[in-house]
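Working notes for the structure below.
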Amino acid sequence: MYAEFTDDLITGNEMIDSQHKELISKINDLLKSCEERSNQSGAARMLNFLADYTDYHFREEEELQASINYPGINEHKEKHKELRNTVQELHEMLMEEEGPTDAFVEKVSEKVRDWLYYHIQTFDRSVAEFKFMRDNAERI
């Protein structure tokens, strides 16, 4: 149920990896807050923390991509927009259902945790590899 930062999520970029660890921690804080199903305010607070940290992390990633002229930056930004939309949907769901229901927890797991795993393993790893190759072109 909880998210875990495993070896297959390592991109090799220290900044990105440390922020991913923090992002996973925020997801787990949200999931823990949902254990008490009547804790709407606690879940909303944790969802806000997750949203704020996600925005910070995405800005950092996008600035890195711009600084290295990453060719996939626009597609990457679109993927970030997907998660932002999901978080907004979760806010609405939490208010409509007056608390973190089983469906809410399932959506966090599926649409946030699983999305993040896939995003890191594909999109973020690609950025880290591009940066590494760009920074080490003379060694290749």
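- Pairs passing the salt bridge (Lys or Arg N to Asp or Glu O under 4.0 Å) check and including a residue from residues 13-23, sequence neighbours excluded, read E22-K26.
- Annotation: ring-ring contact (aromatic ring centres under 6.0 Å, His included) contacts of Y53 (sequence neighbours excluded): Y56.
- Looking only at distances, no side-chain donor or acceptor of R113 sits under 3.5 Å from a matching main-chain atom of I27.
- For K107, the NZ atom counts as densely surrounded, since its 6.0 Å shell holds more than 12 non-hydrogen atoms of other residues, nucleotides or ligands.
- To the nearest 0.5 Å, the span separating CG on L50 from NE2 on H91 amounts to 8.0 Å.
- For I24 against Y117, the heavy-atom pair with the smallest separation is CD1-CE2, 4.4 Å.
- The closest side-chain heavy-atom distance from Y70 to S126 is below 4.5 Å.
- Counting all heavy atoms, side chain and backbone alike, A43 lies closest to L30 at O-CD1, 3.4 Å.
- Side-chain heavy atoms closer than 4.5 Å link hydrophobic residues (I, L, V, M, F, W, Y) into clusters, and following such links, even through other members, never connects M15 to M133.
- Summarising the geometry, atom NZ belonging to K77 is positioned 4.5 Å from atom CD1 belonging to I73; distances are rounded to the nearest 0.5 Å.
- Taking the six-membered ring for Trp and the full ring otherwise, the centers of H20 and H119 sit at least 6.0 Å from each other.
- Panel note: side chain R125, backbone D8; a donor-acceptor pair is recorded below 3.5 Å.
- Checked by atom type, the side-chain pair H76/E62 shows no donor-acceptor distance below 3.5 Å.
- Here the shortest heavy-atom pairing between R84 and F58 reads NH2-CB, 3.3 Å.
- With a 4.5 Å cut-off on side-chain heavy atoms, L64 and K131 count as touching.
- No side-chain heavy atom of T11 sits under 4.5 Å from any side-chain heavy atom of V127.
- The hydrophobic clustering, which links ILVMFWY residues whose side-chain heavy atoms are closer than 4.5 Å, places M95 and M93 together.
- If you chain together hydrophobic residues whose side chains sit under 4.5 Å apart, V112 and I120 fall into the same group.
- With contacts defined as side-chain heavy-atom distances shorter than 4.5 Å, the pair F123/E75 qualifies.
- A 4.5 Å side-chain heavy-atom check between L90 and T86 finds at least one atom pair inside the cut-off.
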